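Taking it in order: structure first as structure tokens, then the write-up.
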Amino acid sequence: MLLSEIATRLGLEHIGPDREILGVNTLESAAESELSFLVNPKYVKALESTNAGAVLLSSEHAPLVESALLSNNVYMDLARVVSLFAKSQGDFAGHSPLAFIHETASVHEDATVYPFAFVGSKAVVGADSVVFPGCYVGERSSVGEGCLLYPNAVLMADTTLGDRCILQPGAVLGGDGFGFAQTPVGHMKIPQIGRVDLGDDVEVGANSSIDRAALDLTQVGSGTKVDSLVQIGHNVRIGEHCLVVAGSGIGGSTRIGDGVVIGGQAGIKDNITIGDGCMIGAQSGVNNDLSAGSKVTYTPMMEIGTYLRVGASLPRLPDLLKRVRRLEREIEQLRTTENGENNG
Amino acid sequence: MLLSEIATRLGLEHIGPDREILGVNTLESAAESELSFLVNPKYVKALESTNAGAVLLSSEHAPLVESALLSNNVYMDLARVVSLFAKSQGDFAGHSPLAFIHETASVHEDATVYPFAFVGSKAVVGADSVVFPGCYVGERSSVGEGCLLYPNAVLMADTTLGDRCILQPGAVLGGDGFGFAQTPVGHMKIPQIGRVDLGDDVEVGANSSIDRAALDLTQVGSGTKVDSLVQIGHNVRIGEHCLVVAGSGIGGSTRIGDGVVIGGQAGIKDNITIGDGCMIGAQSGVNNDLSAGSKVTYTPMMEIGTYLRVGASLPRLPDLLKRVRRLEREIEQLRTTENGENNG
Amino acid sequence: MLLSEIATRLGLEHIGPDREILGVNTLESAAESELSFLVNPKYVKALESTNAGAVLLSSEHAPLVESALLSNNVYMDLARVVSLFAKSQGDFAGHSPLAFIHETASVHEDATVYPFAFVGSKAVVGADSVVFPGCYVGERSSVGEGCLLYPNAVLMADTTLGDRCILQPGAVLGGDGFGFAQTPVGHMKIPQIGRVDLGDDVEVGANSSIDRAALDLTQVGSGTKVDSLVQIGHNVRIGEHCLVVAGSGIGGSTRIGDGVVIGGQAGIKDNITIGDGCMIGAQSGVNNDLSAGSKVTYTPMMEIGTYLRVGASLPRLPDLLKRVRRLEREIEQLRTTENGENNG
């Protein structure tokens, strides 16, 4: 694709000589046939040594390269330019005769169902959605339009997905929540009869798990992106446009607002409420409600500014103990002297 | 089902007008055709505004509602009442011709095997057990009666399950333990030739993994419930009626007693012993033996009462450093004055 | 197998009476027909009570047993001796007619492909490799010789594996990295058009996930072993002969040298560099570059020696606060007295 054509398709200005662009790559790895990009001005030096045939960057850096594509939001336009070169996963079409599609299921004729996929009774799969091998779409589940269910993704019964959702391989929606009543003879399972509902444009990472509700609904709002190996408990409600980074876990019945960012390996207690726009640091332990816009991290949870000071102080703690011991001795000496004087 | 019929079936007393009950829901969400419940007295106010047609509660709260089902253990009876309304996952029966069942395997005629399930040589599947699509039951594995192997659950060779076990989607039993010998040319794999054994009524959460033993046995006792995304290392022995919450990990060869509760994202070191009835807090790092009944949390692990004080103190650490610096200066001044006086 | 035969096959010396050995087991569990081993001298007492027919141990302990196999590296020779008794997982051979193998795929005639495995267009599977049920080998992916892809392992398109790699059940290679551009209307997905490459002898644990690169390559070097439930972000490069223990996570674009050991549940930030031979403690939060040979742990990350002192000091923090408060009062008193004297 010519650089000029890319510019036209994305509505961007290009400067310098036109040339054929075959792909996109980092400044470090790009070949002359590739377009690169400068998102972070910190890497501006790499413009000198890159072999990239052209660079997507903001106009202020344009003088530094021969051939450029100008952008006011480089990261967003990078997403758009990469989309021009991206190949879809998989190259099948149609409903494979090696799939199992229940006779009462309703799979759109423009959807793709791979071999060894299972679509249960009364399940619905919308137009342009793709169900890869090993996927399980349980009875009465509903998959919107343009969804991608990558290999071995599981939707247990009654799960609903909006449009353009992406389930990475091994993602599980609608496994039972972890609910047991204590009895004299052990833990009695509380049947989990609720379900899971995802809005539009939700992504769920590889081998993540979103549990079905005990009674009503576990919900993930439109535009929210969940990374790999995340656990979302039963009855959780997550708002729109959140980011939930890999390895984190959210306890049952917790409510999370819109635009919340949850760092990697963070743990959020059950039955609490996190307001809109909160930022939760990696490995945090969030054990209490957070008002909108809070920025917290660490266990015990604290405001990020506080943590930076606490974290810097912690290695000095053993020395602090010694210093306090010395102070105590010195005070003791002073008091003794004092008493000596007063009594002297 | 009539409220009176529910009462009869569960052996509970009901008061107030009888009515048709179509399901169970929270006080907040229940409709008039639904039964609700009051487990935690904290939510007693919700009784005023609920639309529920009847409420399961303890007799002391009965005067607050028109129609009630009385219970001495509301949470347990909630489990029982929900069971009356719960539908099973899946609606197949029989041995699908689209499954692979090895000719030497023994699958009970009352067991269900879905399309694309694999049952290996000499494997056994007991009566009323269900093997969903994508499950793998390795050679010589044995599944008891009434077990549910949800989609894509994996039992590697020689794994044994008692009766009424539930494997949530993607659970893996019998993957290789992580054992390597250091050699001058790298890590040499120690073949993991042991196996995994689960007692009766064990549940394993979505995408959790229980490794086969290096030599003999990795064991999970009857009644123990393991949540999602949990890792249990090779040769671990877990007792009966434990709860292992999501995201936690247990290192190889560690022994865990009966009735232990392990919080979410906790990590337990290899080769240690945890006594009966221990409570281990979320995100703990347990790096040493615990005697029966211990309650610990945090990293470094400490008694829960200690942690509450330490956690409350931590944000004050930076200020403490300043205060000690000030004390040191003041002491220095006092000593100088002292010396001045003494020398004066 | 006779003890003498084991000795011959491994090039080891045996002493004491020869006997038939049917397996390998721990000192505690071994029967008379089994060989046991003493790796850790701490367990030397167990030699007295073991029923093992013979013991693999270092020559210094040989006098303590009747029948022994002598080794200079017991743990390594244990790996070798166990290999003599290990059975492979699975007992199939050939290309199952119940598998799906694309007509343009190239599967070696000595490779095994189980029922319900999927091998996509132009994919390659080398000699003696085994693809278990439920595995997905995406288009243009390449699996070397002697690899084991256990059930439900997933290789998305263009993934490459060297020789003798092992993917435990549910491992996912090549799921999309977590990359989104912020836009006024939400998170715009940056298509992940890079790929994943594993060297030779790499093992990936059950339900772990290694994301495909955004643009070029996510790479795991030869001999590196990754445990269960590990998340490796897009564009990460891990060197050779590393150990990555269960539950840990590595953020995008981070570079990790050779021979690095990463403890369980550790979290490593994106875009940093970890030098060769670093040791990273369990549950660490690594948020900055580490030079070769660093040994760190904890969050905030600190040198291991420092952490041991900090960890021992932490429980004393609440008491320290009280002590400093007392010191402040005492100093105040002393200053008052001092002033009294000076003014008196």
Side-chain angles (χ1 to χ4, degrees), chain A residues 100 116 118 120-121 134 136 138-139 152 154 156-157 170 172 175-176 178-183 186-193 207-209 211 214-216 229 231 233 247 249 251 265 267 269 283 285 287 299-300 302 306 309-310 312-314 316-317 320 323-324 327 330-331 334 337 341, chain B residues 23-26 29 73 75-76 78-80 82-83 85-87 89-91 98 114-116 132-134 150-152 166 168-170 201 203 205-207 222-223 225 227-229 240-241 243 245-247 264-265 282-283 298 311-312 314-315 317-318 320-321 324 327-328 331 334-335 338:
Chain A
F100 177 90
F116 317 134
F118 179 97
S121 63
Y136 177 86
E139 60 272 18
N152 298 338
V154 171
M156 298 301 282
V172 173
D176 283 344
F178 199 63
F180 303 91
Q182 298 250 35
T183 79
H187 306 292
M188 179 184 286
K189 183 176 177 73
I190 299 173
Q192 304 288 301
I193 63 175
N207 289 334
S208 285
S209 163
D211 289 348
L215 295 171
D216 49 354
L229 293 167
Q231 156 68 6
Q265 298 182 328
K269 199 181 163 287
Q283 298 186 320
N287 64 345
T299 308
M302 51 187 90
T306 304
R309 290 187 296 275
V310 169
S313 304
L314 257 177
R316 303 170 62 187
L317 180 59
L320 189 67
R323 287 163 64 188
V324 169
L327 282 171
E330 291 178 353
I331 288 260
L334 281 170
T337 314
E341 277 173 17
Chain B
V24 186
N25 216 328
T26 58
S29 303
N73 183 339
Y75 205 51
M76 184 183 82
L78 173 63
R80 297 169 71 216
V82 171
S83 299
F85 292 94
K87 272 192 292 257
Q89 289 278 346
D91 47 18
L98 297 177
Y114 272 74
F116 318 135
F132 278 79
Y150 285 134
N152 299 339
I166 301 176
Q168 298 294 336
D201 301 296
E203 182 159 340
N207 289 333
S222 291
K225 314 295 185 183
D227 203 347
S228 309
L229 293 167
E240 302 191 345
H241 305 298
L243 295 174
V245 180
Q265 297 182 327
Q283 297 186 319
Y298 210 52
L314 257 178
L317 180 59
L320 189 66
L321 277 162
V324 169
L327 282 170
E328 287 169 339
I331 288 261
L334 281 169
R335 299 181 71 158
E338 191 79 12

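Quick note on labels: first sequence line is chain A, next is B, and so on, each numbered from 1. Remember, predicted model here, so these are calculated numbers, not experimental data.
Put simply, CG on B/N152 and OH on A/Y136 are 10.5 Å apart, with the number rounded to the nearest 0.5 Å. Taken to the nearest 0.5 Å, the NZ atom of A/K189 stands 7.5 Å off from the NZ atom of B/K225. Atom CD of A/E330 sits about 4.5 Å away from atom CZ of B/R335, to the nearest 0.5 Å.
The shortest side-chain heavy-atom distance between B/L78 and A/M188 does not fall under the 4.5 Å cut-off. Within the 4.5 Å cutoff, the side chain of A/L229 has no heavy atoms near those of the B/N207 side chain. The shortest side-chain heavy-atom distance between A/Q182 and B/M76 does not fall under the 4.5 Å cut-off. The shortest side-chain heavy-atom distance between B/Y298 and A/P300 falls under the 4.5 Å cut-off. Put simply, the side chain of A/L320 reaches to within 4.5 Å of the side chain of B/L317, judged on heavy atoms. Under the 4.5 Å side-chain criterion, counting only non-hydrogen atoms from C-beta, B/P133 is not in contact with A/F100. A/T183 has its side chain out of reach of B/Y75: every pair of non-hydrogen atoms, C-beta onward, lies at least 4.5 Å apart. Using a 4.5 Å heavy-atom cutoff, the side chains of B/E328 and A/L327 are in contact.
Residue contact with chain B, scored on non-hydrogen atoms closer than 4.5 Å, involves the backbone and the side chain of A/M156 alike. For B/Q168, the part lying near chain A is the side chain, with the backbone staying farther off; criterion is any non-hydrogen pair under 4.5 Å. With a threshold of 4.5 angstrom between heavy atoms, B/L98 approaches chain A through side-chain atoms but not through N, CA, C or O. Of the two parts of B/E203, only the side chain, counted from C-beta on, holds a non-hydrogen atom closer than 4.5 Å to a non-hydrogen atom of chain A. With a threshold of 4.5 angstrom between heavy atoms, B/A282 does not approach chain A through any atom at all. For a residue to count as touching a neighbouring chain, one of its non-hydrogen atoms must lie under 4.5 Å from one of that chain's; by this rule B/D227 touches chain A with backbone and side chain alike.
Between B/T26 and A/L215, the shortest heavy-atom distance links the atoms N-CD1, 4.0 Å. Among all heavy-atom pairs drawn from A/P191 and B/A79, the shortest one is CD-O, 3.6 Å. Residues B/P315 and A/M302 come closest through the heavy atom pair CG-CE, 4.3 Å.
Chain B forms the most heavy-atom pairs under 4.5 Å with one residue out of A/I193, A/L314, A/V310, and that residue is A/V310. Annotation: maximal heavy-atom pairing with chain A below 4.5 Å, among B/G170, B/G90, B/G23, B/G247, occurs at B/G90. Chosen from B/L243, B/L334, B/V245, B/D201, the residue pairing most often with chain A at heavy-atom distances under 4.5 Å is B/L243. In terms of heavy-atom pairs under 4.5 angstrom with chain A, the leader among B/G311, B/G264, B/A312, B/P169 is B/P169. Comparing A/N287, A/I331, A/T299 by heavy-atom pairs within less than 4.5 Å of chain B, the highest count is held by A/T299.
Aromatic rings of A/F118 and B/Y114 (six-membered ring for Trp) have centroids within the 6.0 Å cut-off, being under it.
In this structure, the side chain to side chain donor-acceptor pair (under 3.5 Å) partners of B/S228, at least two apart in sequence or on a different chain, are A/Q231. Listed by chain and residue number, nothing satisfies the side chain to side chain donor-acceptor pair (under 3.5 Å) test with B/N73 (two or more places apart in sequence, or in another chain).
Between the side chain of A/H187 and the main chain of B/G223, no donor-acceptor pair closer than 3.5 Å is present.
Heavy atoms from other residues, nucleotides or ligands lying under 6.0 Å from CZ of A/R323 number more than 12.
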TODO: For A/E139 and B/Q89, run side chain to side chain contact (heavy atoms under 4.5 Å, CB included): C-alpha distance rounded to whole Å, both residues' side-chain angles, the deciding distance at 0.1 Å, then the answer.
DONE: CA-CA 8 Å; A/E139 60 272 18; B/Q89 289 278 346; 4.3 Å; yes
